[in-house]
Amino acid sequence: MTSSNSRGAMARLLAGSALLVATTLPASAQQDVSAADANQVQAEGESAGTDDNAIIVTGYQGSLLEAIDIKRNTIGFSDSIVATDISDFPEQNLSEALQRLPGVTIERDRGLGTRVNVRGLPSEYTFVSINKLATASGSGGRDVEFDIFASELIQTVTVHKSPVASDEEGGIAGSVAISTARPFDNPGLRVVGSLEGAYNTISEKVDPLFSVLASDTVGDFGVLVSFASQQRTNRTDSNSGINFRPISRWTDRGNAQTTQALAVLERDAGIVFDDVKDHDEVNRVVFLDKVGDRVFFDDQERYGLSGSVQYKPGNDFSLSFDGFVGSYDTDVDEYDAAGYSASSTSTLGVIHDYDDTTLAKDGIVVLRDVSYTRTQHEFLSKEYLNRTDYKQFGGELNWTPGRWAINVLGGYSGAEKSIDFSNLKHVAYAPSRTRYTANGGETIPSDDPNTIDMYNAPGSYLFEAYETTRERIQDDKYAAQADVSRFFDGVLDRINLGVRYTSKTNERHYGEEKLQGPTRGSTAYVNTRTLADSPLENVTAITGGKSYQARDLDWAQVSNSYARDFFRPDGFETPFDDAQYYKVQEDSWAAWAMADLAWDFGSVPVFVNGGVRYVSTSVDSEGFHQVQNPDGTTGYTPEPISSDGSYDKFLPSVNAHAELLPDLLLRAAASQTLIRPALTDLAYKRTASWNSFRFSDGNPALEPTFADQWEAGLEYYLPGGGLLSASYFWKKIKGVITNQLTGTVPNVTKYNANGTIDGVYDFEVYQPVNADGSFTVKGIELAAVLPFSMFVPALDGFGLNANYTVLDSSLTDESDLGIDTSPIGLADNTYNVTLYWDKGPFAARASYNRKSEYVEYIQNNNYPVYRDAYGQVDIAASYQVTPNFRVELQGINVTEEATTGYTMDPSFPTMYEFSGARYSLGVRAQF
């Protein structure tokens, strides 16, 4: 290829990228590309395009080039994926596509990516928008459940890590800006469709996926419609729940159980306590709390519909109306067989094995293998019926008359989520032996003559209850924004002023009820009906697919379909409970001013964006308050009680870059940003602990959690579309929400159960508050996109896309036993490596994604429980049969890695969860 051809190809690529940035990305990604810049690059591309020999890069390499160009033209630090990347890479949903980006990790639930973490911070620290409108997902919190979105409808996703003043606030970790397609993204008639079947190696079912996009532009008008529908079935087998439980479970009782437990500890392990009331000593002897074997069967249906109408008479004017609606239904059947060694009537029988060396530095002795006197065995048939309906409608006007740029947008985003849960519970009490295995744990018969084989004794299990819960969350968000820019010649390049109004409402209803007989209120089944009285089926026969994969085991249970038909009365619906209701409304005004400066420092071009955002927010929340009735029963206030709060804040930001050498950028950013309090903390509802003389309230007067942050990095844009980048970031986070004593309520009358007055007391009030102090998060991000032809021309088509992130935090948690732990959820390092071949009709990619171990939670506030490091291999291959028709093969988790965890040391496993691999074969047509 000649140099002129290369310039022509690159010019056209730059033209497409510049127009993409100028028309489809969020405001923060547009601010470095003015309309004049876009027109100039487009003109260069059209001029260069007269060379018929010019080569345009497409496919996976083309998507990488577009993403690299977006990164280069964005003011601050960012990373992007574009439509080809999302739709072509083997991902089950949008969150799994995002995990390929530097600093982005995901939370997995039974093999499926759900929520997104940026730079190790919790998912609620990330702000998410679609077409510049804050996204409602119905989660009941600030975080967004990405699995509800059909990724086939998404055009571009950019993760912004350093905000500018015009960015909507709400993301300490960063912001995820999602854009759907518009007609003039690809002018003319365009029809794209795909059809695939996907196979899970455990469920052994084949699921369909269908998507289609049709777009056309006629003159100045364009219309686009896209639709995607997906069925997904997946089975997960899990041996889990094997956590430490402190021996104080029995030593605190002061009864015969205590006496026997102390005697067995001395007899079998030589353990004698100096002070049996000293929890710091006693809680360092632990046993296995529970062992459970579980089979999950997920049946998911997801559809999404997006549309856009656009009027664009020229490059200086665009008026668009976008709609994005969909539904995500997931029915989960869970079948559990579990042994609870710590039942209220049990104690130690025989200690067969204990470990006093592995955790000796913390003084912890683990009872590895124990026979218990009265284990609580449970068979549970659980059913989760979840549905999320979401919708978003918005309009946007972009007008650049001369040296001015005017942008106006407004819209609505809403989601309603409903959850219907049921649990058929049968219980048997009998002596059993529980011990660790290589991957988890097991409960087996003990030497006691009254023991049972918990997996094969249906007549021993008595019906306890058919438990139900129902939840409904309504999440509504409205927004309107207007901003205007004025462009200049000279050092001052642009001034931008804007204002935005947002209104958010979240309302939650929740209730639960137990059914214990054929009619409401009846207890006829309790202690009379057994597990054997219901038809039993092998658990894997109910779900379908292979035999149980977590270990060599088989058992039978009651199917959820039978349980629902038999135990639910006709027309039954779980009533909502006033105690769990809340409604939070949040209104916010924001105004900003910022300026772009550009000049040459000697031979070095320098660009600086600086500005400040003012935010004023008011919160009104309501909920019922728990009260005690004169007869001693618990009731609630007749009507919800409301409370409000407000705050305002200035958020400054500076972003700059300098081109030290051609294609070598030094980038720097500093800002202050915030994340608003969780809605559950703002919810003004009160619960009472009458015997502890304590009220627990929400707190609408909470202020946000703030972060001061800065970042610096180098980006080297290599010839041929490569990139090498490295950056260092630092965040100081303050005002984290914690629960504290905030006051008292004097002279509260407390009644006895018989209605007599117990006394008049002062009750303490505990609420969420903004804690004093701060902690830091810092890290390094490295990224490389390397077409191998840069080094060896014969390797044209081969390439590498890789990134690595290492994190560190000054925050160290400490358990009640003084055991130091890392911050919950913070993985020290993550990396992604993708090797690809993309030339001619055949393309293939293999990717490995790894997230290091992290603390998942702290059991009983004492013992840190870790999620093991997890790595997964995904593959994709395609063959372009004709210019319009392609065959695709994809594989997810092809090495069938299991998800595992442990308490404090890998020799004490807590879970072994196996979801298998998923393969899909499909076809894609484009006209």
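These numbers were taken from a predicted model, which means no experiment stands behind them.
- In terms of modelled atom types and a separation under 3.5 Å, the side chain of T540 and the main chain of S547 share no donor-acceptor contact.
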query: Can you check side chain to side chain donor-acceptor pair (under 3.5 Å) on E467 and N423, steps first, answer last?
result: CA-CA 5 Å; E467 302 169 339; N423 176 25; 3.0 Å; yes
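- For the pair R694/Y766, a side-chain contact is recorded, criterion being any heavy-atom separation below 4.5 Å from C-beta on.
- Side-chain contact between D293 and L553: present, with at least one pair of heavy atoms (C-beta onward) separated by less than 4.5 Å.
- Atom NZ of K732 and atom CH2 of W730 lie 6.0 Å apart (nearest 0.5 Å).
- At distances below 3.5 Å, at least one donor-acceptor pair connects side-chain atoms of T437 with backbone N or O atoms of G440.
- Residues Q872 and I892 meet the side-chain proximity criterion, which asks for heavy atoms closer than 4.5 Å.
- Annotation: the span from N243 atom CG to N862 atom CG amounts to 12.0 Å, rounded to 0.5 Å.
- Judged by distance alone, the side chain of R245 and the main-chain N or O of L288 form no donor-acceptor pair under 3.5 Å.
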- request: Applying salt bridge (charged side-chain N to carboxylate O under 4.0 Å, His left out), run through E703 and R676 and close with a yes or a no.
  value: CA-CA 7 Å; E703 292 198 351; R676 291 188 166 89; over 6 Å; no
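- Looking only at distances, a side-chain donor or acceptor of T347 sits under 3.5 Å from a matching main-chain atom of Q257.
- Residues E334 and Y384 form a side-chain contact, since some pair of their non-hydrogen atoms from C-beta on lies under 4.5 Å apart.
- A distance of 10.0 Å separates CD1 of I247 from OG1 of T258, quoted to the nearest 0.5 Å.
- Ring geometry, F287 versus Y372: the interplanar angle falls from 30° to 60°, so the pair is classed tilted.
- In this structure a side-chain-to-backbone donor-acceptor pair under 3.5 Å is present from N893 to G916.
- At distances below 3.5 Å, at least one donor-acceptor pair connects side-chain atoms of Q557 with backbone N or O atoms of L380.
- For the side chain to side chain contact (heavy atoms under 4.5 Å, CB included) with Y863, the lone residue among L817, T910, I858 that qualifies is L817.
- Counting only N and O atoms by type, the side chains of E512 and Y510 include a donor and acceptor under 3.5 Å apart.
- Nearest approach of F763 to S689, heavy atoms of both residues: CE2-O, 4.1 Å.
- Under the 3.5 Å distance criterion, the side-chain polar atoms of E281 are matched with a main-chain donor or acceptor of D274.
- Residues I351 and D268 share a closest heavy-atom pair of N-OD2, 2.9 Å.
- For R294 against S240, the heavy-atom pair with the smallest separation is NH1-OG, 2.8 Å.
- No side-chain donor-acceptor contact under 3.5 Å links H352 to the backbone of V370.
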query: After noting the C-alpha distance and the side-chain angles of T899 and Y870, does the key distance pass the side chain to side chain donor-acceptor pair (under 3.5 Å) rule?
result: CA-CA 7 Å; T899 301; Y870 180 83; 5.0 Å; no
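- Here the side chain of S343 pairs no donor or acceptor atom with the backbone of T375 at under 3.5 angstrom.
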- request: Go through K417 and E471 one step at a time and tell me if the salt bridge (charged side-chain N to carboxylate O under 4.0 Å, His left out) criterion holds.
  value: CA-CA 8 Å; K417 183 173 185 177; E471 183 176 15; over 6 Å; no
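- Around the CG atom of D772, the shell of radius 6.0 Å holds no more than 12 heavy atoms that belong to other residues, nucleotides or ligands.
- Across K290, K425, K382, a single residue satisfies salt bridge (Lys or Arg N to Asp or Glu O under 4.0 Å) together with D336, and that is K382.
- I737 has its side chain within reach of T705: a pair of non-hydrogen atoms, C-beta onward, lies under 4.5 Å apart.
- Rounded to the nearest 0.5 angstrom, N117 CG and T126 OG1 are separated by 7.0 Å.
- Taking CG of D289 as the start and OG of S341 as the end, the distance is 6.0 Å to the nearest 0.5 Å.
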- request: With side chain to side chain contact (heavy atoms under 4.5 Å, CB included) as the test, would you mind laying out the steps for I733 and I172 before giving the verdict?
  value: CA-CA 8 Å; I733 300 173; I172 282 179; 4.0 Å; yes
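- Between F379 and Y461, the distance separating the two ring centers is shorter than 6.0 angstrom.
- Taking every heavy atom of both residues into account, L348 and A261 meet most closely at CD1-O, 3.8 Å.
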task: Please report the C-alpha distance between Y582 and Q580 in whole Å, then the side-chain angles of each, then the deciding distance to 0.1 Å, and finally whether the side chain to side chain donor-acceptor pair (under 3.5 Å) criterion is met.
output: CA-CA 7 Å; Y582 68 76; Q580 302 297 330; over 6 Å; no
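- N234 and D298 are not linked by any side-chain donor-acceptor pair at a separation below 3.5 angstrom, with hydrogens and angles left out of the test.
- Rounding to the nearest 0.5 angstrom, the gap separating the CG atom in D552 from the CD atom in Q549 is 10.5 Å.
- Between H426 and F463, the angle of the ring planes goes over 60°, which puts this pair in the perpendicular group of the 30/60° scheme.
- The shortest side-chain heavy-atom distance between N861 and D816 falls under the 4.5 Å cut-off.
- Summarising the geometry of T451 relative to S446, their closest heavy-atom pair is OG1-N, 3.1 Å, with the distance given to 0.1 Å.
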task: Take V118 and Y125 through the side chain to side chain contact (heavy atoms under 4.5 Å, CB included) test and state the conclusion after the steps.
output: CA-CA 8 Å; V118 178; Y125 279 35; over 6 Å; no
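- Two residues are said to be in side-chain contact when any heavy atoms from C-beta on lie closer than 4.5 Å; V295 and W555 meet this criterion.
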- prompt: For T358 and D355, what are the C-alpha separation, side-chain angles and deciding distance, and is it a side chain to side chain donor-acceptor pair (under 3.5 Å)?
  reply: CA-CA 7 Å; T358 303; D355 184 337; 2.6 Å; yes
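- Using cut-offs of 30° and 60° for the angle between ring planes, the Y902 and Y866 rings count as parallel.
- Between S238 and F296 the shortest heavy-atom distance is CB-CE1, 4.2 Å.
- Taking 4.0 Å as the cut-off between side-chain N and carboxylate O, R433 and D369 count as a salt-bridged pair.
- Using a cut-off of 4.0 Å between Lys/Arg side-chain N and Asp/Glu carboxylate O, K734 and D708 are scored as salt-bridged.
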message: Under the criterion side chain to side chain contact (heavy atoms under 4.5 Å, CB included), I'd like the reasoning laid out for L359 against F908: C-alpha separation, chi angles, the key distance, then a yes or no.
response: CA-CA 10 Å; L359 302 177; F908 306 116; 3.8 Å; yes
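- Judged by distance alone, with hydrogens and angles left aside, the side-chain atoms of Q626 form a donor-acceptor pair with the main-chain N or O of A688 at under 3.5 Å.
- Between Q767 and L702 there is no side-chain heavy-atom pair separated by less than 4.5 Å.
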